[in-house]
**Student:** 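For reference, the structure I am asking about is given below.
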Amino acid sequence: MVFQPQLRILISRGEIAKAVDRLASQINRDYQGKQPLLIGVLKGSFVFMADLIRQLDLPLELDFIRLSSYGAARESSGSVRVVQGVKTPIKGRDVLVVEDIVDTGITTFFLLDYLRKRKPASLKLCTLTDKPSRRRVPVSIDYLGFTVPDEFIVGYGIDCDEQFRYLPDIYSLED
Ligand code: IMP
Ligand code: MG
């Protein structure tokens with residue numbers, strides 16, 4: 001990686017791999033005998049989702065949804081829109097949402113409400129990271145990788161203005 005003075009490592013790829021294993025064991029156990037539909041929130045969750053599903057021993061299906069709330073800024077605008085919806089029917093499915101970060105909670109709160117209206121058999125949330133200090137609306141997390149401090153993070157699929165998604169570790173971005 002090109003030297004980036006503004007990046008400080010927060011979570012190494014080894015720690016991420018261990019967390020993915022742990023979450024996958026929990027999900028494998030909880031969804032025994034089921035065919036869950038995993039819904040990844042684009043784009044931030046795609047690397048996590050790719051690693052997670054390869055540790056799952058379930059006849060799962062997956063789909064993606066794309067939401068917009070941030071634009072190019074670092075702060076949630078507070079209004080969320082579905083930019084690209086889910087094609088797979090949700091009614092009666094065991095839906096597991098896969099997120100990169102729950103920050104203010106506004107995006108995830110909106111998404112869970114949007115999906116719940118489509119009458120899934122069950123609806124749970126798996127997120128790689130959680131920044132509870134920034135929460136503005138309540139979100140209950142069923143599977144959590146890491147609690148992170150109130151810092152802007154990048155890497156492992158997570159971006160800042162579309163940069164740094166390709167980094168294999170998670171970094172804190174200093175300005
Ligand atoms: P929320 O609506 O404030 O919870 O924000 C959720 C979304 O904001 C996440 O899915 C990310 O796309 C983005 N986000 C929040 N915090 C960070 C961060 O530290 N780094 C990169 N993206 C972030
Ligand atoms: Mg996101």
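Ligands are counted one by one from 1 in listed order, and the atoms in each one are counted from 1 as well. In what follows, every heavy atom counts, from backbone to side chain, and hydrogens, waters and symmetry copies are set aside. Predicted, not measured: the structure shown is a model, and the values here were computed from it.
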**Student:** Within ligand 1, which atoms have a heavy atom of Lys131 less than 4.0 Å away?
**Tutor:** 16 (N), 17 (C), 18 (C), 19 (O)
**Student:** Let me see the working for Arg135 and Asp130 under salt bridge (charged side-chain N to carboxylate O under 4.0 Å, His left out), right down to the final yes or no.
**Tutor:** CA-CA 9 Å; Arg135 196 74 87 252; Asp130 178 27; 2.6 Å; yes
**Student:** For the CZ atom on Phe109, are there more than 12 heavy atoms of other groups (residues, nucleotides or ligands in this structure) within a distance under 6.0 Å?
**Tutor:** no
**Student:** What atoms in ligand 1 come closer than 4.0 Å to a heavy atom of Ile106?
**Tutor:** 2 (O), 4 (O)
**Student:** Which of the numbered atoms in ligand 1 are under 4.0 angstrom from any heavy atom belonging to Thr104?
**Tutor:** 1 (P), 2 (O), 3 (O), 4 (O)
**Student:** Which pair of heavy atoms, one from Gly85 and one from Ile65, lies closest together, and at what distance?
**Tutor:** CA-CG1, 4.2 Å
**Student:** Decide whether an N or O pair under 3.5 Å exists between Asp103 and ligand 1.
**Tutor:** yes
**Student:** Return yes when Asp159 approaches ligand 1 closer than 4.0 angstrom through a heavy atom, no otherwise.
**Tutor:** yes
**Student:** What side-chain donor-acceptor pairs closer than 3.5 Å can you find for residues 115-122, not counting sequence neighbours?
**Tutor:**
unit_1, atom_1, unit_2, atom_2, d
Lys117, NZ, Asp113, OD2, 3.2
Arg118, NH1, Tyr114, O, 2.7
Ser122, OG, Asp94, OD1, 2.6

**Student:** I'd like to know if Thr108 contacts ligand 1, where contact means a heavy-atom distance under 4.0 Å to any ligand atom.
**Tutor:** no
**Student:** Is the shortest distance from a Lys or Arg side-chain nitrogen in Asp100 or Lys43 to a carboxylate oxygen in the other one below 4.0 Å?
**Tutor:** no
**Student:** Restricting to non-hydrogen atoms, name the atom on Leu10 and the atom on Pro149 that form the minimum distance, rounded to 0.1 Å.
**Tutor:** CD2-CD, 4.4 Å
**Student:** Between Thr127 and Glu99, do the side chains contain a donor N or O and an acceptor N or O under 3.5 Å apart?
**Tutor:** no
**Student:** Who's closest to atom 4 (O) of ligand 1 heavy-atom-wise, of Gly105, Ser172, Ser68?
**Tutor:** Gly105
**Student:** Need the ligand 1 atom indices (1-based, order shown) with element for anything under 4.0 Å from a heavy-atom of Thr107.
**Tutor:** 1 (P), 2 (O), 5 (O), 6 (C)
**Student:** Counting only heavy atoms not in Arg8 (residues, nucleotides, ligands), do more than 12 fall under 6.0 Å from its CZ?
**Tutor:** yes
**Student:** Ignoring angles and geometry beyond distance, decide whether Val102 reaches within less than 3.5 Å of ligand 1 through its nitrogen or oxygen atoms.
**Tutor:** no
**Student:** Testing the basics here: between Lys131 and Phe152, what is the closest heavy-atom pair and its distance to 0.1 Å?
**Tutor:** NZ-CA, 4.3 Å
**Student:** Taking distance alone, with N or O pairs closer than 3.5 Å, would you say Ile153 contacts ligand 1?
**Tutor:** yes
**Student:** Tell me which part of Arg134 gets within contact of ligand 1: side chain, backbone, both or neither, using heavy atoms under 4.0 Å.
**Tutor:** neither
**Student:** Determine whether the side chain, the backbone, both or neither of Ile158 has a heavy atom under 4.0 Å from any heavy atom of ligand 1.
**Tutor:** side chain
**Student:** Please confirm whether Glu151 approaches ligand 1 to less than 4.0 Å, judged on its heavy atoms.
**Tutor:** yes
**Student:** With heavy atoms only and a cut-off of under 4.0 Å, state how Val80 meets ligand 1: side chain, backbone, both or neither.
**Tutor:** neither
**Student:** Of the choices Phe109, Phe152, Phe110, which has the non-hydrogen atom that lies closest to atom 22 (N) of ligand 1?
**Tutor:** Phe152
